[in-house]
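What follows is a single structure, written as structure tokens, with notes after it.
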Amino acid sequence: MNAAPERRRELLDVAAEVFAAHGYNATTVRRIADEAGMLAGSLYYHFDSKESMLDEILSAFLNELWAGYDAVLAAGLGPRETVEALVTESFREIDRHRAAVAIYQKESPHLAGQPRFGYLDASRRRFEELWTGTLERGVAAGVFRADLDTGLAYRFLRDTVWVAASWYRPDGRYGPEEIARQFLSMVLDGIAVGPGPTSPGTAGPGTAGTPSPRPR
């Protein structure tokens, strides 16, 4: 007999929090059952193993994330607007699946080598192609700096967005959209086209032409 979808979801939420807090290898089925307030044997009524639970947690998160990303791509936005929308969608997913994101961050490197979790490496490659492709499109369009290292920019965006799962709380001061707005205002000012550095010999702050005033 199939378990009620609501109960499965509740148990997966509990398991996700335990995996995120203690690590997959250190977590036992008994520990998950204890956190869920049930006997370990009863948990097997719903799932055949903790591996199955982890698989369902990660695949559900990634499927939802890619549905959001695909909707962004289908909108046909410009490169800067695409980056803004992708970052906003990423923070929304952290809001919905904070524990799953934390697990993905911690466990993917060693799980990706297992046949059951091969989709993790495929997803990682797809992430990189999407983000670097968008950044390269922005460079070609003159929206982002011509000297932008898109591979480095991708890693910076990836790491600074997803690390938020370690500190984000749904009941915190800001919701995901406001965090995304603040994040983007800081990041894009650093990669958007703007006044370049002053050329050598030209008067300007910090150049030989005119010394910058010392701070008081």
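Not measured: the values here are computed from a predicted model. Throughout, residue positions are numbered sequentially from 1 according to the sequence presented.
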Chi angles and distances behind the salt bridge (charged side-chain N to carboxylate O under 4.0 Å, His left out) call for Arg96, Glu89 = CA-CA 11 Å; Arg96 298 181 189 119; Glu89 184 60 33; 3.5 Å; yes

Regarding [X] and [Y], is there a side-chain donor-to-acceptor distance under 3.5 Å anywhere?
| X | Y | value |
| --- | --- | --- |
| His22 | Arg31 | yes |
| Asp159 | Tyr154 | no |
| Tyr69 | Ser90 | yes |

Single-linkage hydrophobic cluster, 4.5 Å side-chain cutoff, Leu39 and Phe47 together = no

Hey, quick one: are Val87 and Leu152 part of the same hydrophobic cluster, counting side-chain heavy atoms closer than 4.5 Å, chains of contacts allowed?
-> no

Report the distance from atom CZ of Arg169 to atom CD1 of Ile94, rounding to the nearest 0.5 Å.
-> 11.5 Å

Euclidean distance, Met53 CE relative to Leu58 CG, rounded to 0.5 Å | 12.0 Å

Mind checking what makes salt bridge (Lys or Arg N to Asp or Glu O under 4.0 Å) contact with Asp48, not counting sequence neighbours?
-> none

Asp13: what forms a salt bridge (Lys or Arg N to Asp or Glu O under 4.0 Å) with it, not counting sequence neighbours?
-> Arg9

Over 12 non-hydrogen atoms of neighbours within 6.0 angstrom of CZ in Arg30 = no

Over 12 non-hydrogen atoms of neighbours within 6.0 angstrom of CZ in Arg173 | no

Side chain to side chain donor-acceptor pair (under 3.5 Å) partners for Thr88, two or more places apart = none

Salt bridge (charged side-chain N to carboxylate O under 4.0 Å, His left out) between Asp95 and Arg92, worked out = CA-CA 5 Å; Asp95 180 60; Arg92 286 176 179 149; over 6 Å; no

Phe117: partners by ring-ring contact (aromatic ring centres under 6.0 Å, His included), with sequence neighbours left out | none

With a 4.5 Å limit on heavy-atom distance, are the side chains of [X] and [Y] in contact?
| X | Y | answer |
| --- | --- | --- |
| Leu54 | Glu51 | no |
| Leu77 | Glu84 | no |
| Thr150 | Phe144 | no |

Kindly list each side-chain donor-acceptor pair under 3.5 angstrom involving residues 126-133, sequence neighbours excluded, with atom names and distances?
{"residue": "Arg126", "atom": "NH2", "partner": "Asp70", "partner atom": "OD1", "Å": "3.0"}
{"residue": "Arg126", "atom": "NH2", "partner": "Asp70", "partner atom": "OD2", "Å": "3.4"}
{"residue": "Thr132", "atom": "OG1", "partner": "Glu128", "partner atom": "O", "Å": "2.5"}

Using only atom types and a distance under 3.5 Å, with no angle test, would you say the side chain of [X] pairs donor to acceptor with the backbone of [Y]?
| X | Y | value |
| --- | --- | --- |
| Asn63 | Ser59 | yes |
| Lys106 | Ala20 | yes |
| Ser108 | Gln105 | no |
| Lys50 | Thr28 | no |
| Glu107 | Tyr24 | yes |
| Arg8 | His46 | yes |
| Ser123 | Tyr119 | no |
| Ser42 | Met38 | no |

Report the residues that fulfil side-chain contact (heavy atoms from CB on, under 4.5 Å) with Arg181, sequence neighbours left out, ordered by chain and then residue number.
-> Glu178

Nearest heavy-atom pair of [X] and [Y]: which atoms, and what distance?
| X | Y | value |
| --- | --- | --- |
| Val163 | Thr160 | CG1-O, 3.5 Å |
| Ile57 | Ile103 | CG2-CD1, 4.3 Å |
| Val72 | Ala85 | CG1-CB, 3.6 Å |
| Ala36 | Leu11 | CB-CD2, 3.6 Å |
| Val83 | Thr134 | CG2-CG2, 3.7 Å |
| Ile179 | Phe91 | CG2-CE2, 3.6 Å |

Show your reasoning for whether salt bridge (charged side-chain N to carboxylate O under 4.0 Å, His left out) applies to Asp147 and Arg145.
-> CA-CA 5 Å; Asp147 65 340; Arg145 294 198 324 254; 2.8 Å; yes

After noting the C-alpha distance and the side-chain angles of Tyr104 and Leu65, does the key distance pass the side-chain contact (heavy atoms from CB on, under 4.5 Å) rule?
-> CA-CA 12 Å; Tyr104 181 85; Leu65 176 66; over 6 Å; no

